Amino acid sequence: MIVRFGFVAMSMMLDNASVSRTMTYRNFSRLADRGAAVRKLERIAEENLQHTLRLLRHCAAHDIRIYRFSSKLIPLATHGELADWNPFPALQEAFAAVGDYARRQEMRVSFHPDHFCVLNTPRPDVLESSVRDLEHHIRMLEAMGLGEQAKCNIHVGGAYGDKERAGERFLEQFAPLSDRYKRRITLENDDKTFTAEETLRIAEQSGVPMVLDIHHHAVNDGGVSMEQAASTLWPRIVRTWAQHGDGLPPKIHASSPRSTKDVRSHADLLEPGPLLQFLRDVAGSTPRLDVMLEAKHKDAALFALMYELRQHEHAGGYRIVDGASIELS
DNA sequence: ACCTGTCAAGTCTGG
DNA sequence: CCAGACTTGACAGGT
């Protein structure tokens, strides 16, 4: 099994390379000349995109082919008071440059709209803004010229006092979405509400690939041990990717608890032990697997992990392939 | 240069 | 019904 590692959004190694520079609405609305204010937002977005391209070059230089874009590339993009603003014409070249580079480098890229995107909400207004948020992320991928392999990963959502019903409502509210949306979505188990098993069932029923977060599973396992997850849930998770039919290997998220007192928060670096154990458990049945590191130190945590893996290569049961991937037999 | 409270958005808990 | 916690990177306004 070939395992490729990637990281999320920002770099701890590059200076002045923020991909999430923003402007608060409060500040935007204080500017008298609205046209100038909008152009300022567009300049900030362009800078975020240029920094994203710098990051992709940094990835390529270190064999990293898995990367998640910042959701905050365009400040205030889906703010209600800016609904008449279409930032895409001004940013077309910058988006295309990012997409062209990702494609040329054959990188697997994604978005992770944050917790304001909740498709299972009972509130019509929240559903509407969630779909708008999803639309925004899809439009960014389209502006980059990236096909359906570039996904938007989301969670099922809240429980609203009746998780069973909340899961059904996800299916009901997902169903009427167009394929343009459905083909871009992946579903991830969360650390509080929808367990891996529950998320998997919903992913299967909605025909969406599932991203397994092994840290979330560790803190919200619904009585299913990690070992059980690897043996019983994993084959079904792999099937969600295979049946989706766009040729992507399955993807998991990996992070470590900040401390024993604070097990849900993400630590600076990744503890390799639990991840390696999981990888060994699934190596026999999985030819390719991508791992998104979600450590506080971002790319620095990836480099630290590879450094550690190199040190123990002789005994670890894996082989270092390059700067950001390993092979397990 | 550095520190602290705030930020557009949702959900959950506790009062 | 409402305030505060949760969580995150970055702003904004202060020193």
Side-chain angles (χ1 to χ4, degrees), chain A residues 7-31 37-38 40-41 43-45 47-49 51-52 55 68-85 87 111-137 152-163 165-167 169-170 173 188-195 198 213 215-216 219-220 253 255-259 261-268 292-301:
Chain A
F7 70 98
V8 175
M10 67 190 288
S11 169
M12 303 294 277
M13 323 290 284
L14 304 184
D15 286 335
N16 298 316
S18 171
V19 291
S20 307
R21 206 192 136 196
T22 187
M23 174 168 14
T24 59
Y25 180 69
R26 188 195 209 342
N27 214 259
F28 171 86
S29 57
R30 270 199 288 228
L31 297 172
V38 161
K40 189 166 178 183
L41 290 177
R43 278 204 308 277
I44 292 172
E47 187 181 298
N48 287 338
L49 286 164
H51 288 165
T52 298
L55 254 84
R68 181 200 299 164
F69 295 118
S70 161
S71 279
K72 301 186 179 74
L73 291 174
I74 308 178
L76 304 177
T78 56
H79 193 283
E81 295 297 315
L82 282 151
D84 60 325
W85 171 45
F111 275 114
H112 193 349
D114 49 18
H115 65 282
F116 306 114
C117 181
V118 274
L119 292 183
N120 80 337
T121 180
R123 293 169 49 188
D125 56 325
V126 174
L127 178 60
E128 195 183 334
S129 56
S130 296
V131 172
R132 194 163 57 232
D133 197 25
L134 211 44
E135 167 71 23
H136 169 61
H137 285 87
C152 297
N153 182 52
I154 57 173
H155 296 286
V156 177
Y160 311 94
D162 184 348
K163 203 179 354 177
R165 178 72 200 105
R169 197 165 44 243
F170 180 94
Q173 298 186 153
E188 176 193 348
N189 58 310
D190 67 80
D191 59 350
K192 277 192 175 131
T193 311
F194 285 91
T195 65
E198 290 161 348
D213 187 311
H215 181 192
H216 290 168
V219 297
N220 182 30
H253 289 176
S255 50
S256 301
R258 170 151 285 278
S259 68
K261 291 200 187 300
D262 186 10
V263 290
R264 284 220 313 274
S265 300
H266 292 186
D268 293 345
M292 182 68 83
L293 262 50
E294 294 186 326
K296 286 246 176 212
H297 285 190
K298 313 287 179 183
D299 54 341

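Here is the naming used below: chain letters follow the sequence lines, and residue numbers restart at 1 for every chain. Computed from a predicted model, the values in this text were never measured in an experiment.
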Contacts under 3.5 angstrom, residues 12-19 of chain A side chains, donor-acceptor by atom type, not counting sequence neighbours:
from: Ser18(A); atom 1: OG; to: Ser20(A); atom 2: N; distance (Å): 3.2
from: Ser18(A); atom 1: OG; to: Arg21(A); atom 2: N; distance (Å): 3.3

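As rounded to whole Å, 12 Å separates atom P of dA1(B) from atom CG of Asn16(A). For the pair Leu41(A) CG and dC7(B) C1', the computed distance is 15 Å after rounding to whole Å. Atom CD in Glu128(A) sits about 16 Å away from atom P in dA9(B), given to the nearest Å.
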Exercise for the section: Verify ring-ring contact (aromatic ring centres under 6.0 Å, His included) between His253(A) and His216(A), making sure each step is shown before the conclusion. Expected result: CA-CA 9 Å; His253(A) 289 176; His216(A) 290 168; 7.6 Å; no
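For Glu81(A), the side-chain hydrogen bond (donor to acceptor under 3.5 Å, both in side chains) test picks out no residue, with sequence neighbours left out. Qualifying side-chain hydrogen bond (donor to acceptor under 3.5 Å, both in side chains) partners for Arg132(A), counting only residues two or more places apart in sequence or in other chains: none. With sequence neighbours excluded, the residues that form a ring-ring contact (aromatic ring centres under 6.0 Å, His included) with Phe170(A) are Phe174(A). With sequence neighbours excluded, the residues satisfying ring-ring contact (aromatic ring centres under 6.0 Å, His included) with His79(A) are Tyr25(A). Evaluation of the side-chain hydrogen bond (donor to acceptor under 3.5 Å, both in side chains) rule for Lys192(A) yields no partner, not counting sequence neighbours.
Remark: DNA chain C forms stems of 3 or more consecutive Watson-Crick or G-U wobble pairs, all pair distances under 3.5 Å, at B:1-7 with C:9-15, B:10-15 with C:1-6.
Using a 4.0 Å heavy-atom cutoff across all strands shown, Asp114(A) reaches no nucleic acid atom at all. Counting non-hydrogen atoms under 4.0 angstrom, Arg132(A) reaches nothing in the nucleic acid.
The main-chain N or O of Asp213(A) is never found under 3.5 Å from a side-chain atom of Glu188(A) such that the two would form a donor-acceptor pair. Looking at Asn189(A), its side chain never comes within 3.5 Å of a backbone N or O of Phe194(A) through a donor-acceptor pair. Between the Asn220(A) side chain and the Asp190(A) main chain, a donor and an acceptor come within less than 3.5 Å of each other. Judged by distance alone, with hydrogens and angles left aside, the side-chain atoms of His112(A) form a donor-acceptor pair with the main-chain N or O of Asn153(A) at under 3.5 Å. Looking at Ser255(A), its side chain never comes within 3.5 Å of a backbone N or O of Leu293(A) through a donor-acceptor pair.
The same atom, P, is picked in dT11(B) and in dG9(C); the two are 22 Å apart, to the nearest Å. Atom name P, nucleotides dT7(C) and dC2(B): the rounded distance is 28 Å, in whole Å. Rounded to whole Å, the P atom of dA10(C) lies 22 Å from the corresponding atom of dG10(B). When the P atom is compared between dG4(C) and dG5(B), the two are found 14 Å apart, to the nearest whole Å. Annotation: dT8(C) and dA1(B) have their C1' atoms spaced 23 Å apart (nearest Å).
The salt bridge (Lys or Arg N to Asp or Glu O under 4.0 Å) analysis of residues 111-128 of chain A, with sequence neighbours excluded, yields the pairs Arg123(A)-Asp125(A).
Contacts between chain A and DNA chain C, taken as any atom within less than 4.0 angstrom of a protein heavy atom, begin and end at dT7(C) to dG13(C).
Other residues, nucleotides and ligands contribute more than 12 heavy atoms inside 6.0 Å of the CZ atom of Arg165(A). Few gaps surround NZ on Lys163(A); more than 12 heavy atoms of other groups in view lie less than 6.0 Å from it.
Contacts with DNA chain C (heavy atom under 4.0 Å) in residues 17-26 of chain A: Ser18(A), Ser20(A), Arg21(A), Thr22(A), Thr24(A), listed by number. For DNA chain B, the neighbouring residues in residues 72-83 of chain A, judged by any heavy atom under 4.0 Å, are Leu76(A), Thr78(A), His79(A).
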Problem - B/S/- contact track for nucleotides 10-15 of chain B, protein heavy atom under 4.0 Å - result: BSS---
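Residue Cys117(A) comes nearest to Asp133(A) through the heavy atom pair CB-OD2, 3.7 Å, listed as atom of the first residue, atom of the second, then distance.
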